[in-house]
Amino acid sequence: MREDASVMHVDADSFFASVETRQKPSLARTPVLVGGTGPRGVVATANYEARAYGCRSAMSMAQARVLCPTATVLTPRFPAYAAHSALIMDTLRELSPLVQPVSLDEAFVDLAAGPFASDPVAGADLARRLIYNRSGLVVSVGLGRSKLIAKLASDAEKPHGFTVVTGDLEDDFLLRKPVAALSGVGPATDTTLRRLGIVTVAHLRAAERDELVRTLGEAAGWNLYRLARGDDPRPVVVEREAKSVGAERTFAEDLRQWELPGALDDVLARALRRLQRHGGGARTVTVKVRLSDFTTVTRSVTVAQPTSEVEQLREAARGALTAANPTEPVRLLGVALSGLTHWAQLRLPTPEDVETASRADGQSTATGLLESTNGRPPELLLPSSESPTDALVAHPSTEGAGALTEATTVDVDAASPSSADSLDDDEERLPAPLTVHTCSVGLDVAHEAYGAGWIARTADGVVTVRFEGPGTEPGPERTFDVRRELLMRIAPPAPCPPRRLTSLPSTAELTAAAPPALAEGDTPGSADAPAPDPSS
DNA sequence: TCTGGGGTCCTAGGACCC
DNA sequence: TCTGGGGTCCTAGGACCC
């Protein structure tokens, strides 16, 4: 265990909602909910104004609307969040090469590996200032000797926290925490621990190791035994290989039997797009079916060789769905692709492969491989752009190297016969005309005369657009009938510095001010100049 | 007012091999 | 005829994270 508190955890406060209020000035200081807007939507993020009404993440949107009827409910705009996330991560990488993103809005940084090794507190302070000055987003920061402590520290004073827990303060800080604050203790484990009379980390530390292992299992028991002692040697690691990719969809209304194959193709198409992005192939296709009574069944099919062939993966998915055999109406369908590799079998396997497949998994697998060839030339293993493997070289080819193609040329759209209009498409091309089917509150649009804005309300093809952006004052609203007037859906605005900020807020100001007031740039002496970039 | 979507990891049981 | 035990792979479910 290191001596200095040089592990930093950075967490953007109510991230999705904060990006929204940054880009929609009229929403500043008003309650905002971001999440599913459909009948079965849940809240992804509630800003602090909405939390004041009791709204929380993961709550059903219907409930949140009841709690806070005045809240603006926005459809998530992932491209905007991804752009802000990238800016945050890039900024952190200026402070250390060891940055481990945990999600779009969270990261661990090992400051001991960078220029702030001798003064991690200064590094952490700079991190929050740089992020604020470049994006207008406020983060909470925690510093500790381990990930465990850093994470708890960033959580200690949200929003806007800046908490340093040095070694000598660690026990004092840790032992008071409820066990549920520990990463790895969710509702189920919390209940189990409560039955043992364990509520705080102090209780947990007093517990017998054997009892923890007995009641929670080998891994979880040991893990909590160590965490209770502040023993967390997990290093900050830059990148980890993805183990699976997938997609799932909850339907507005439960699906009947006959609707399942089409819906499965839809979900599979999205999963395949992610596989395509990952590059290479997958061996196992897992289909998840959630019934109307919320019971969930998963069935999986594993093929002999990793593949990126649409037909073969679709066949596997259909087989898994059949095995799941849903007898009730279905509310959710999911497809996960695992056993990922950076290469994939795209052509007829060699006789040796078929033999191996037969031995490994019976005749159905071998048949699947054969059927997927469609009379194309025999061959072969495809390299990804990143990591060609020896397997490729070792694999005999009868048609020559000309048969080699990028795995990313797989025709994914062949798996998706549904409308190109769907908002599900996470790789849609913009700009594109707004249609009755693509109106969603929160989306970015532009009008030839009025410029860029966002959809504030929508009903039956009639949309109200508020024309404003991150660099403007709150703007006016205008209403259009999208069947008669052209509105273009456009990409979200890029992240940008907050307006009218001429000096970095001091640590004291950052800690004292509420986020909305700060975001307005109410620093004394502020003018209309952009924020200086202290890194330059 | 019923409960999203992207993932990771763990457990337990069965098949199979040696 | 009955019975080992370890290792690996696969599957299904569940807990957990954000």
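Within every chain, numbering begins at 1; the chains are lettered A, B, ... in the order of the sequence lines, protein sequences first and strands thereafter.
- Taking the side-chain hydrogen bond (donor to acceptor under 3.5 Å, both in side chains) definition, one finds that A:Arg40 meets it with A:Asp254, sequence neighbours left out.
- Non-hydrogen atoms lying under 4.0 Å from DNA chain B are contributed by A:Pro39, A:Arg40, A:Val42, all within residues 37-45 of chain A.
- Listed by chain and number, the residues in a side-chain hydrogen bond (donor to acceptor under 3.5 Å, both in side chains) with A:Thr37 amount to none (sequence neighbours excluded).
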Task: Secondary-structure notation, DNA chain C, from Watson-Crick and G-U pairs under 3.5 angstrom (| other strand) - done: ....||||||||||||||
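- Partners of A:Arg331 by salt bridge (charged side-chain N to carboxylate O under 4.0 Å, His left out), not counting sequence neighbours: none found.
- Residue pairs meeting the side chain to side chain donor-acceptor pair (under 3.5 Å) criterion with at least one partner in residues 79-92 of chain A, sequence neighbours excluded, are A:Glu20-A:Tyr81, A:Asp90-A:Arg93, A:Thr91-A:Arg134.
- Take A:Ser183 and apply the side-chain hydrogen bond (donor to acceptor under 3.5 Å, both in side chains) test, not counting sequence neighbours, and it matches no residue.
- Of the residues in residues 183-212 of chain A, those placing a heavy atom less than 4.0 Å from an atom of DNA chain C are A:Ser183, A:Gly184, A:Val185, A:Gly186, A:Pro187, A:Ala188, A:Thr189, in numerical order.
- Every residue was checked against the side-chain hydrogen bond (donor to acceptor under 3.5 Å, both in side chains) condition with A:Arg226, not counting sequence neighbours, and none meets it.
- A distance-only check finds no donor-acceptor pair linking the side chain of A:Arg128 to the backbone of A:Val138 [under 3.5 Å].
- When DNA chain B is scanned in the 5' to 3' direction for atoms under 4.0 Å from non-hydrogen atoms of chain A, the outermost contacting nucleotides are B:dT1 to B:dT11.
- Non-hydrogen atoms lying under 4.0 Å from DNA chain B are contributed by nothing in residues 140-156 of chain A.
- Pairs engaging residues 231-256 of chain A under the ring pair (Phe, Tyr, Trp, His ring centres under 6.0 Å) rule: none recorded [sequence neighbours left out].
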